[in-house]
2 protein chains.
Amino acid sequence: MEKKEKKILPCDDNCPVKASLGLLAGKWTMMIIFQIGNDVMRYGELKRAIPSISEKMLIQELNMLVENKLVNKKAYPEIPPRVEYRLTELGLKTIPIIDKLVEFGKENLIKLS
Amino acid sequence: MEKKEKKILPCDDNCPVKASLGLLAGKWTMMIIFQIGNDVMRYGELKRAIPSISEKMLIQELNMLVENKLVNKKAYPEIPPRVEYRLTELGLKTIPIIDKLVEFGKENLIKLS
DNA sequence: AATAATTCTAACTTTTTGGTAAGTACCTGA
DNA sequence: TCAGGTACTTACCAAAAAGTTAGAATTATT
């Protein structure tokens, strides 16, 4: 009769949850990824799609996403300027996460009033 | 020849991503859910499983999770105290999210050195 | 000449979040 | 009688995140 042993994988620096959240945890990060989705989105379109975000947070997050290689940025040398954002291959791989988030929210949290 | 119309669903108060993040967005929230998983975990076990969390944050998050009905708490009237946490039905429904988070982290972020 | 459109940038402040350290309660065993 | 184990609680402080406001660049339009 041996003591029941519990297999715990401690959440240290190799914790995949921690690693993913390191990229995605910002207040607006996943909402921006959700909005870009499989499309191309201009800066202004994103702003309208997420009405409550401030301009500062929007570009700050976009820059961070570009730096982390989740989002690709293409600026056209036009006046007025046109800048397009789309998900990179890596960014596209986060979509399943967002999908589950959407599913959970729709089925359990959103009031259908 | 009509202008290409873009169907954007603005992220307002009905945004499912926003709603889900409202419950799950804390720095430690998903890691705690990840650690509880389908098991029962005592307070001390969680502490050991997430070595870098402070006691304050751990109970604070656990209380919040209980309040939001994602986690169930059972305290035994023993000395020394024993308190068990497990996911509620609602909490279990967040596991697919965590799973995708784990998958993304493992496949793209964790260095296998 | 002034205005509008678009994509930012920068300085400053406020709010939120997280960390530290200490303490509480209760019984057991040395 | 005194440390040890367990699950917290509280008060205080620091750091991180986010919000506000203003402005800059460039060209077309009025």
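Letters go in sequence order (proteins before strands), and every chain restarts at 1. Note that the coordinates shown come from a computational prediction; the quantities given were computed from them, not determined experimentally.
Comparing D/dG19, D/dT6, D/dT26 by their closest approach to the side chain of A/Ile79 singles out D/dT26. Checking D/dT6, C/dT6, D/dG19 against every side-chain atom of B/Pro81, the shortest atom distance belongs to D/dT6.
Of all non-hydrogen atoms in B/Ile53 and B/Met57, the two that sit nearest each other are CG1-CB, 3.8 Å. Here the closest heavy-atom approach between residue B/Ile32 and residue B/Leu46 is recorded as O-CD2, 4.5 Å.
When rounded to the nearest whole Å, the span between CD of A/Glu78 and P of C/dA5 equals 17 Å. Atoms CZ (A/Arg42) and P (C/dT6) sit 7 Å apart, rounded to a whole Å. When the P atom of D/dA18 is taken as reference, atom CH2 of A/Trp28 falls 9 Å away, rounded to whole Å. Between B/Leu24 atom CG and C/dT17 atom P there is a gap of 14 Å when expressed in whole angstrom units. Regarding A/Met41, its CE atom lies at a distance of 14 Å from the P atom of C/dT6, rounded to whole Å. To the nearest angstrom, C1' of C/dC8 lies 17 Å from CZ of A/Arg82. Look at OH on B/Tyr85: it is 11 Å from C1' on D/dT6, rounded to the nearest Å. Residue B/Glu45 contributes atom CD, which lies 16 Å from atom P of D/dG5 at whole-angstrom precision.
Atom CG of residue A/Leu109 and atom SG of residue B/Cys15 lie 11.5 Å apart, to the nearest 0.5 angstrom. Between the CD atom in A/Glu67 and the CE atom in A/Met64 there is a gap of 9.0 Å [rounded to 0.5 Å]. Taken to the nearest 0.5 Å, the CD atom of B/Glu61 stands 10.0 Å off from the OG atom of B/Ser54. Here CD1 of A/Ile59 is found 9.0 Å from NZ of A/Lys73. Values are rounded to the nearest 0.5 Å.
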Side chains of residues 82-96 of chain A: which donor-acceptor partners sit under 3.5 Å, not counting sequence neighbours?
| from | atom 1 | to | atom 2 | distance (Å) |
| --- | --- | --- | --- | --- |
| A/Arg82 | NE | A/Glu78 | OE1 | 3.3 |
| A/Arg82 | NH1 | A/Glu84 | OE2 | 3.2 |
| A/Arg82 | NH2 | A/Glu78 | OE2 | 3.1 |
| A/Glu84 | OE1 | A/Tyr76 | OH | 3.1 |
| A/Thr88 | OG1 | A/Lys69 | O | 2.6 |
| A/Thr88 | OG1 | A/Leu70 | O | 3.2 |
| A/Thr88 | OG1 | A/Leu90 | N | 3.3 |
| A/Thr88 | OG1 | A/Gly91 | N | 3.0 |
| A/Lys93 | NZ | B/Asn108 | OD1 | 3.4 |
| A/Thr94 | OG1 | A/Gly91 | O | 2.7 |

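Nearer the 5' end of DNA chain D, as judged by each residue's closest nucleotide, is the contact made by B/Gly44, out of B/Gly44 and A/Ser52.
Side-chain N/O atoms of A/Lys47 include none lying less than 4.0 angstrom from OP1 or OP2 on C/dT7.
For DNA chain D, the neighbouring residues in residues 55-77 of chain A, judged by any heavy atom under 4.0 Å, are A/Lys56, A/Met57.
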